[in-house]
Amino acid sequence: MTQSKHAIFHETPARAKESADHWGSDAVAAMLRELGVRYIALNPGSSYRGLHDSIVNYLGNRDPQMILALHDEHAVAIAHGYWKVSGEMMAAALHSNVGLMHAAMAVFDAWCDRAPVLVVGATGPWDAAQRRPWIDWIHTASDQGALVRDYTKWDNQPGSVAAAMEAMLRGAQIARTAPRGPVYVNLDVTLQEEKIGALPAMPEVARYAPPAPVQPDPAAVAAAARLLSGARNPVMLTGRSSRGIAHWQAQVALAEKLNLRVLTNLKMAAAFPTGHRLHAGLTAAHLGATFQRFLAEADVVLSLDWLDLGGTLRQAYGAKPVTAKVIQVSCDAHNHRGWSMDYQGLPPLDAYLMCEPEAAVPLLIEAASPRNAAVSAAPAVKLPARSGDVLDLRGVADALDAATRGLETCLTHLPIGWHGGYCSFRHPLDYIGAEGGGGVGAGPGITVGAALALKGSGRLPIGLLGDGDFLMGNTAVWTAARYRIPCLMIVCNNRSFFNDELHQERVAIARGRPTENRWIGQRIGDPDIDLAAMARAQGATGIGPVTRTPDIEPAIRRGVEVVQSGGVCVIDARVQPGYDAE
């Protein structure tokens, strides 16, 4: 294993004999290197055995280096998590139609999260005369990209080596152009295994880079600046944003110049310091009553690519017309499709800046006049009562805060029901947001991908997961242990698909039926599942079950020590069922 603290475990191949002969997959692998792809997560399959060989024996398993995942879904989730921290595109390779079907949910998560993942697929020989009996027939689809076409930005099945190289260039360009998203390039096994002689010349990749950020219409900027400068009670909603510190600081500067209150969203990555005097609070999918009143009292609302602006305004105003002037800064409409409604409700707008917030915020700072009016008091945040000896989410939150005080951490995931008041963000990497599409099982893979990007940075990756999320995605732990990717996973284990218990309770109440039956088909127990043992079985440190509040802080401190020493740790925190969100 390499000694660099930034490097992961490298499976070093025996040196291949040099040859003037090359195969189609060698050109594809070389293109991945030219594109700057450092890692490719994968679950193996014969449909891309040619590309696999090229990465190992032609590239020496470097740039990209293969990251073996035990499930196709984890491969895409790892690439997704890597981008959420680094802002760099990672690749994932999927085996034929079956691998793509396994990974479809993770592709959807990346789509909803606007994450640029280069998904490399493969298929059995398109020429039926070349197919092996049975297996090549069931692993060859007439339009494999159709499986994910409605939630990818672009897909292609190139018919030649030259076309495959161009497809990689085009796919990388499209994926990284805002609004970003996954793309799918499907490689025929025959193309990969075609002998081509000399390797084709590599293009000048810089000439195929994504475009610079689009600048907004100056008239729209001026109109937005006038509304903000003259507002009595403006509110800023900070949504999608990069992990760059410069944009973080620019959003703070805009809020301070306009002296306005700021709301942030727990489904999005950290976008504003929670301890700032202007921060009004972290919301979740549903606005509590205090946040609804706060937003309804605003006369100007500035949305910086806020998730579900239309739905948020409806929660605040109900059936009444939206009286506030609304400014939207977002280019997300370029990704809106007919199949998926992840774009949410349609908001009324008075100024529309069709660009990323990173492009608009500096222009708004320059164009807006300072606002010196008094700022309304932030809504009081009422936290749930402190836990007793029986562990609950509040107990986990308090222990995590105490155990990591003074350390730089990155929350890679939060469980359903986590209260926004538990969070304290001072840097854009303190929290990287939810999985995007609400797919259960994404948390472990995203945590591993984020930890891969953070390796050597000194910042501790910590994923707080639900038990259902962990159970569906737990074999991502093996990948972290195998490649020496330090991370801590704290499973907030209520032994139930508790969100659905609440749904069954609502249905029972509406129908006049017994709510006592809500647990049937929901509870995870009898037999009990030893989550810590599952972690240990995969080479990680497993702690727990932890059931008492006094025991959770020492467990987290032990987990932090494991991660700081280069290990992987999973803590089974047996919390009482219940949600702390407002």
Side-chain angles (χ1 to χ4, degrees), residues 8-19 21-79 82 89-103 106 117-126 130-132 135-136 139-141 144 156-158 161 164-165 167-168 171-172 183-196 199-200 449 452 475 478-479 482-483:
I8 64 172
F9 176 75
H10 182 252
E11 295 160 321
T12 305
R15 187 177 180 86
K17 183 171 63 175
E18 290 191 16
S19 170
D21 291 324
H22 295 86
W23 283 260
S25 57
D26 291 345
V28 175
M31 182 56 69
L32 288 171
R33 173 173 285 179
E34 290 294 314
L35 288 168
V37 177
R38 295 185 62 195
Y39 302 105
I40 181 167
L42 53 84
N43 186 259
S46 61
S47 63
Y48 67 87
R49 64 190 183 188
L51 180 61
H52 193 126
D53 172 81
S54 295
I55 292 172
V56 172
N57 290 316
Y58 180 60
L59 298 185
N61 196 25
R62 288 193 185 277
D63 300 321
Q65 176 182 344
M66 293 194 299
I67 307 292
L68 177 60
L70 302 185
H71 196 290
D72 306 270
E73 191 175 303
H74 303 343
V76 176
I78 288 168
Y82 184 82
M89 183 184 67
M90 184 173 157
L94 305 176
H95 168 47
S96 74
N97 52 356
V98 289
L100 184 58
M101 286 187 276
H102 261 164
V117 178
L118 178 57
V119 182
V120 181
T123 180
W126 184 243
Q130 297 189 45
R131 292 177 193 162
R132 295 173 294 163
I135 192 66
D136 277 348
H139 285 175
T140 303
Q144 197 159 289
N156 185 246
Q157 183 171 318
V161 172
M165 294 171 67
M168 290 291 179
V183 296
Y184 179 67
V185 179
N186 188 32
L187 303 173
D188 189 315
V189 68
T190 308
L191 179 154
Q192 298 174 60
E193 298 182 11
E194 174 189 354
K195 194 171 184 178
I196 60 174
L199 193 72
L452 173 62
T475 54
W478 180 88
T479 299
R482 167 63 176 167
Y483 293 98

| Can you pull the salt bridge (Lys or Arg N to Asp or Glu O under 4.0 Å) pairs that have at least one residue in residues 27-48, sequence neighbours excluded? | none
Gap between atom [atom2] of [Y] and atom [atom1] of [X] - 0.5 Å precision:
X: Ile67; Y: Glu11; atom1: CD1; atom2: CD; result: 8.0 Å
X: Asp26; Y: Lys195; atom1: CG; atom2: NZ; result: 11.5 Å
X: Ile40; Y: His52; atom1: CD1; atom2: NE2; result: 10.0 Å
X: Gln157; Y: Leu187; atom1: CD; atom2: CG; result: 8.5 Å
X: His139; Y: Thr123; atom1: NE2; atom2: OG1; result: 10.0 Å
X: Tyr483; Y: Leu452; atom1: OH; atom2: CG; result: 11.0 Å

| request: Under the side-chain contact (heavy atoms from CB on, under 4.5 Å) rule, collect the residues that match up with Ser25, sequence neighbours excluded. | output: Trp23, Leu51, Ser54, Gln192
Which atom of [X] lies closest to which atom of [Y], heavy atoms considered:
X: Leu191; Y: Ala164; result: CD2-CB, 4.1 Å
X: Pro200; Y: Ala27; result: CD-CB, 4.1 Å
X: Pro125; Y: Asp188; result: CA-OD1, 3.6 Å
X: Pro13; Y: His10; result: CD-CE1, 4.2 Å
X: Leu59; Y: Ala29; result: CD1-O, 3.5 Å
X: Tyr48; Y: Ala122; result: CB-CB, 3.7 Å

| said: Test of understanding: with ring-ring contact (aromatic ring centres under 6.0 Å, His included), list the residues that count as partners of His71, not counting sequence neighbours. | reply: His74, His102
State whether the side chain of [X] and the backbone N or O of [Y] hold a donor-acceptor pair below 3.5 Å, judged by distance alone.
X: Thr479; Y: Leu68; value: yes
X: Asn61; Y: Met66; value: yes
X: Asn43; Y: Ala69; value: yes

Can you confirm whether [X] sits close enough to [Y] that some side-chain heavy atom of one is under 4.5 Å from a side-chain heavy atom of the other?
X: Arg132; Y: Ser46; result: yes
X: Ile78; Y: Tyr39; result: no
X: Leu118; Y: Leu32; result: yes
X: Val189; Y: Thr140; result: no

| request: Carefully, step by step, assess Val98 and Asp72 under the rule side chain to side chain contact (heavy atoms under 4.5 Å, CB included). | output: CA-CA 9 Å; Val98 289; Asp72 306 270; over 6 Å; no
| request: Take Leu199 and Tyr58, measure what side chain to side chain contact (heavy atoms under 4.5 Å, CB included) needs, and give me the verdict at the end. | output: CA-CA 11 Å; Leu199 193 72; Tyr58 180 60; 3.1 Å; yes
